[in-house]
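Letters go in sequence order (proteins before strands), and every chain restarts at 1. Quick note: numbers below take in every heavy atom, side chains included, and nothing from hydrogens, waters or symmetry partners.
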Protein chains: 4
Amino acid sequence: MGNSPAAAAMAEGATPTDAKAPRTERGRRTLRKLLDAAAEEFGEKGFHEASVSSITRRAGMALGSFYTYFDSKDALFRALVADMSEKVRTSARSALSAEMSALEIERAALAAFLRFAAEHKEIYRIIDEAEFVDPASYRDHYETIAARIADRLGAGAAAGELRDDLGELEAWAVMGMNVFVGLRYVVWGDKQGLSADAVAAGVNRLLAEGVLRR
Amino acid sequence: MGNSPAAAAMAEGATPTDAKAPRTERGRRTLRKLLDAAAEEFGEKGFHEASVSSITRRAGMALGSFYTYFDSKDALFRALVADMSEKVRTSARSALSAEMSALEIERAALAAFLRFAAEHKEIYRIIDEAEFVDPASYRDHYETIAARIADRLGAGAAAGELRDDLGELEAWAVMGMNVFVGLRYVVWGDKQGLSADAVAAGVNRLLAEGVLRR
Amino acid sequence: MGNSPAAAAMAEGATPTDAKAPRTERGRRTLRKLLDAAAEEFGEKGFHEASVSSITRRAGMALGSFYTYFDSKDALFRALVADMSEKVRTSARSALSAEMSALEIERAALAAFLRFAAEHKEIYRIIDEAEFVDPASYRDHYETIAARIADRLGAGAAAGELRDDLGELEAWAVMGMNVFVGLRYVVWGDKQGLSADAVAAGVNRLLAEGVLRR
Amino acid sequence: MGNSPAAAAMAEGATPTDAKAPRTERGRRTLRKLLDAAAEEFGEKGFHEASVSSITRRAGMALGSFYTYFDSKDALFRALVADMSEKVRTSARSALSAEMSALEIERAALAAFLRFAAEHKEIYRIIDEAEFVDPASYRDHYETIAARIADRLGAGAAAGELRDDLGELEAWAVMGMNVFVGLRYVVWGDKQGLSADAVAAGVNRLLAEGVLRR
DNA sequence: AATGAATGAGCCTTCATTCAT
DNA sequence: TATGAATGAAGGCTCATTCAT
C-alpha cells in the first residue's frame, strides 16, 4: 500500500474534488502521505474508530496539517472511496483485451479483481463502510461496475457467444459472485488453499455452464 | 453466536445470550420494545450514528433503563445481529420442502430471502455493519449460510440432478448472487420494476444453465 | 450575585426557552448553580473568552452536565441576556409609583437602574456583547426600554407636565444619558466620588431644564 | 493610545504605534489595504469571529504576510480602534467654527458625528468590542470625547450662554444621547425616516430646553 | 517582502455508562 | 425496576502564530 502508484497519481494528477490542491511540491508529498495513512487507518479501524489525529500521527505530521488538505474527515473518506473505486475498475479493465472470448473476459476481470483485492484488502472495509458514511458513493460504485458487466455480457451476446437475454439482473448476480468469493478466498484467506486463479476458474465454469448435470 | 440455540430462542421471545433475563412479564415486554426500537434505529442510522438514548426514546423508556436489559450498546447490537441472522435462515428453511428438485429449492430459498429482505430492509445495514462492530458474528453469519447452501448443492448432486463437483466455492458464489440482487432489486427498489419472483426466476435460470449460448 | 433571587426565580418559575426544564429538585439546584456561574464567567471574561468547561468548574460539576441543561454555549448566553434584560426592567418599574410627577419618575427610574448596575456590573458586558453573539436580543433589549421611556414621556405630556412633542427620539436620548452615566459613575467607579443619587439628580436637572442659562 | 500623535498620523498614512513601519512605498500600500480589510471584517463579524486569514484574503495577500505588518491580531485591532477613534474626533472638530454659539456647536458636533457614523457603521461594533479586547482604549476613547464635550460646555458657560454648573456628568450625558441616537437612527436605520439633521435638531432642542413644559 | 505550509493548543460537543433515588 | 441526573473521556475542527523558501 504505502505510497502506491495510484495514490501518487491522485496526489499529482487527478486531484479528487474532496482534497484541496497543494501548490508546492512539498504540499504534494504531504497530501500523499495523508492519503496513504488514511487508507491504512480506515482499512484497519473503519471510519468511526479511525481518528484524524491518529491518521496525522501515522503520516508523521501535526494534527492541524490535515485541514490544510481536507475540509473534514468525511471529505477525506469520500476522496478515498472515489479513488479506490476507480482503481478497482481500472485494474479490471487493463486486464482485458480485444482478442478474448466473452467467457475469458469475465474470468480475466475476476482474476484481476482478486489480485487487486489481495493487495488492497482494505477495499472491502472501505467500500462497505461507505454504505453508512457516504451512501451515494456506495451505490455509485456498485452501479457503475454492474453497468460495465452488463455491457460485456451484451457484447458477448452480440458476438453470438452468450445467451442474448442477459441484462442488468445477471450483471448484478455476476458482481455478487465475484465480490463474495473475493471476500471469502482473498480477504479472509485460504482455509481451502484455493489460489486466485483456481477461484476464478471455478466461478467461471459455474458462470458458463450453471449447476445442472448434463 | 450465529445459530446458537439461545439466538434461535430469542426470536420466539426468550432471552438472547447478550441480554439479561427479565423476570417479570412487564420486563419481557420492555425487552421486546427495546429490540424493535434498536432494529429501527440501527437500520436507519447504522451502529455509530445510533445512540442509546435515541433507542430508549423510541422504545418509550428512560435512558437508565437500558442497562437493566443490556450490558452495553455492543451487547444489544450483537443480540440483534444474532436475531436477524437466525430469522433469515429460518425463513429460508421454512420455504423448502422435501418434494422440491434441487433447482426448485434454490429458487424457493432465494424467493424467501427476497421476501424477508423486503420486510426487513434493515437487515443489510445491520449485517453489513457487523463487519466493523462484531466481525466474528459477521463471518459466522455468512459462513453458516454458505455451509447450508453447500449442503443443498451436495444433496442435489447426490440426487443426480446437479454437477457433482460443486463445493464451498460455488456456495459462496450463489450466496453472493442472492445477496446482491436482493440489495439491488429489493432494498434499493425497482427502477426496472422486477418482482421478487422475476428476480428469483432469472437468477435461477442463470444458476441452472449459465451464460453460454447453446 | 451568587444565588440572586432573580436567578433563583428563573430556575424555578419562568424557565427561559433556552434552558431545558429540570424535573427534579436536584436538577433545579444544578441549573441555578450553572446560571450563577455563567453570569460571573461571562461578566469577567466576555462570551468568547469564557469557556463551558470553566463555567462548569466554577459551578462545581462535570463538564458534561452542562449539556443536560443547555443545548449550547450560545443558548446559555441567550438565556442570560433575556434574564438580565428582564431584571433591569423589573427593577426600574418597581421603583416607580403613581403619585410621582413625570420628572420624579425619570429620576427614580435612573436611580433604580444605577442601583441595579452597581450590584450587577456584569450587565454592561453581557448586554454589550450580545451585539455580537445574539444581535436580535441586543436590539430587543434597547428597543423595549426605549419604548417604555417613550410611554412615560407621553404620559407626562398628557398630564400637562412635559412638552407634548416628545417622542421616540427623546426616549433614545434619555436612555443614552442613563446608560452612559451608569457606565462612567457606577461601573467604572468614582474618581469624582459622585453618589448614585447625585448622578441621578444631576441628570434629572439636565433633563428638566436643559443647558441654557436663563 | 487614543489621541496620540501616532494614531493621528496613521489616518494620514504614516505608521501607527501598533503596526511595524513599512519601508517601501509598496509596503505602505499593503499596510493600507490591510487596515481597510480589517475595518470591514471586524465591522461585519466582530473581533472574535474575524480571522486573520480572512482579513488577508480580503486584502488580497498571503496569510503569512500579515505578520510583516502587525505583531498580532490584537495589535491590528488596537491600531484600528485608535484610528477610528481619532477619525471621529477629527470629523467633529472640523465641523466646528469659532463663530458658532455654544448650542450651535453641540448641534454641529452631533451632526458631524452622525454623518461620520453613516459612512462608517463599523465604528459602533469596533469601539464596542474594544470593551472586551482592549479595555484601555475603550475607556480612553470615551473619556477623551467626554473631556472635549466638557470643555465646550465650560466655554459656553464662560461666554454666558450656558448654565455655569455643567461639568463632567453633563458631558457624559450628552455623549450618551449622541451615541444612542446614532445607533438607533443611523446604524439601525430609519423606520421613522428621521434624517440626520432632524435627529440633530431634536436632540439639540432637548439639550437646550429640557423636557419641562413652559 | 511575500508566500504557502506546518504547528498544536484549545474549545465545544457527544454519548456510553454509572449513580442515586 | 425505573428514572433522570451526573460523569468524563474522546474527538473533530479552528486559527493565531511560526517556518522555510
Side-chain angles (χ1 to χ4, degrees), chain A residues 20-31 48-56 60-74 76, chain B residues 20 22-24 26-27 30 48-56 61-76, chain C residues 20-31 48-56 60-74 76, chain D residues 20 22-24 26-27 30-31 48-56 60-76:
Chain A
K20 298 169 186 169
R23 295 192 200 301
T24 69
E25 177 50 32
R26 188 191 181 193
R28 259 182 298 279
R29 268 198 312 269
T30 307
L31 174 55
H48 288 94
E49 300 302 319
S51 79
V52 172
S53 79
S54 161
I55 290 174
T56 51
M61 69 187 64
L63 169 60
S65 302
F66 177 87
Y67 293 89
T68 305
Y69 296 95
F70 293 94
D71 277 328
S72 65
K73 189 186 173 186
D74 275 78
L76 166 58
Chain B
K20 299 171 184 171
R23 301 203 187 293
T24 69
R26 182 188 179 204
T30 308
H48 287 95
E49 299 301 318
S51 77
V52 173
S53 86
S54 165
I55 290 172
T56 52
M61 71 186 66
L63 171 58
S65 305
F66 177 84
Y67 292 87
T68 305
Y69 295 94
F70 292 95
D71 277 327
S72 65
K73 186 186 178 186
D74 275 78
L76 167 59
Chain C
K20 297 170 187 170
R23 295 190 201 300
T24 69
E25 177 51 33
R26 186 189 181 196
R28 261 182 296 278
R29 270 198 311 271
T30 307
L31 174 54
H48 287 95
E49 299 303 319
S51 79
V52 172
S53 78
S54 162
I55 290 174
T56 51
M61 68 187 66
L63 171 57
S65 302
F66 177 87
Y67 293 89
T68 303
Y69 297 95
F70 293 95
D71 278 329
S72 65
K73 187 186 176 187
D74 275 79
L76 166 58
Chain D
K20 299 170 184 173
R23 300 200 188 296
T24 69
R26 182 190 180 201
T30 308
L31 174 55
H48 287 95
E49 299 301 318
S51 77
V52 173
S53 86
S54 166
I55 291 173
T56 52
M61 70 185 66
L63 170 58
S65 305
F66 177 85
Y67 292 86
T68 305
Y69 295 93
F70 292 95
D71 276 327
S72 66
K73 187 186 176 186
D74 275 77
L76 166 59

From the set [options], return the single nucleotide nearest to any side-chain atom of [X].
| X | options | answer |
| --- | --- | --- |
| Tyr67(A) | dT17(F), dT13(E), dC13(F) | dC13(F) |
| Ser72(C) | dA6(F), dT13(E), dG8(E) | dT13(E) |
| Val52(C) | dA2(E), dT13(E), dC13(F) | dT13(E) |
| Arg23(A) | dA2(F), dG4(E), dT3(E) | dG4(E) |
| Ala62(C) | dT7(F), dA16(F), dG4(E) | dT7(F) |
| Thr30(A) | dT7(F), dA2(F), dA6(E) | dA6(E) |
| Pro22(C) | dA5(F), dT7(E), dT17(F) | dA5(F) |

Mind listing the closest non-hydrogen atom pair of [X] and [Y] along with its distance?
| X | Y | answer |
| --- | --- | --- |
| Lys73(D) | His48(D) | NZ-O, 3.9 Å |
| Met61(D) | Ser65(D) | SD-CB, 4.0 Å |
| Gly27(C) | Pro22(C) | C-CB, 3.5 Å |

Inset, instruction - Name the nucleic acid region contacted by Ala50(D), choosing base, sugar-phosphate or nothing; use a 4.0 angstrom heavy-atom cut-off, strictly under. - result: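 Contact class for Ala50(D): sugar-phosphate only.
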Value rounded to 0.5 Å, distance of [atom1] in [X] from [atom2] in [Y]:
| X | Y | atom1 | atom2 | answer |
| --- | --- | --- | --- | --- |
| Lys20(B) | Asp71(B) | NZ | CG | 4.5 Å |
| Tyr69(A) | Leu31(A) | OH | CG | 7.0 Å |
| Thr56(D) | Leu63(D) | OG1 | CG | 5.0 Å |

Nearest-Å distance, [atom1] ([X]) to [atom2] ([N])?
| X | N | atom1 | atom2 | result |
| --- | --- | --- | --- | --- |
| Lys73(D) | dT17(F) | NZ | P | 8 Å |
| Met61(D) | dA1(E) | CE | C1' | 11 Å |
| Arg26(A) | dT18(F) | CZ | C1' | 12 Å |
| His48(B) | dG11(F) | NE2 | P | 11 Å |
| Leu76(A) | dC13(F) | CG | C1' | 14 Å |
| Glu49(D) | dT14(F) | CD | P | 12 Å |
| Glu25(A) | dT3(E) | CD | C1' | 17 Å |
| Arg29(C) | dT21(E) | CZ | C1' | 13 Å |

Inset, instruction - Please tell me which of Leu63(B) and Leu63(D) maps to the more 5' nucleotide of DNA chain F, matching each residue to the nucleotide holding its nearest heavy atom. - result: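 Mapping each residue to its closest nucleotide by heavy atoms, the 5'-most match is Leu63(B).
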Can you tell me the base-pairing partner of [N]? Count Watson-Crick or G-U wobble geometry only, both distances below 3.5 Å, and say none if there is no partner.
| N | value |
| --- | --- |
| dG11(F) | dC12(E) |
| dA1(E) | none |
| dA20(E) | dT3(F) |

Inset, instruction - Take Phe66(A) and Gly64(D), find for each the nucleotide of DNA chain E with the closest heavy atom, and name the residue whose nucleotide sits nearer the 5' end. - result: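 Closer to the 5' end of DNA chain E: Gly64(D).
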Inset, instruction - Nearest-nucleotide wise, let me know which of Ser65(C) and Ser51(C) is further upstream toward the 5' end of DNA chain E. - result: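 Its nearest nucleotide being more 5', the pick is Ser51(C).
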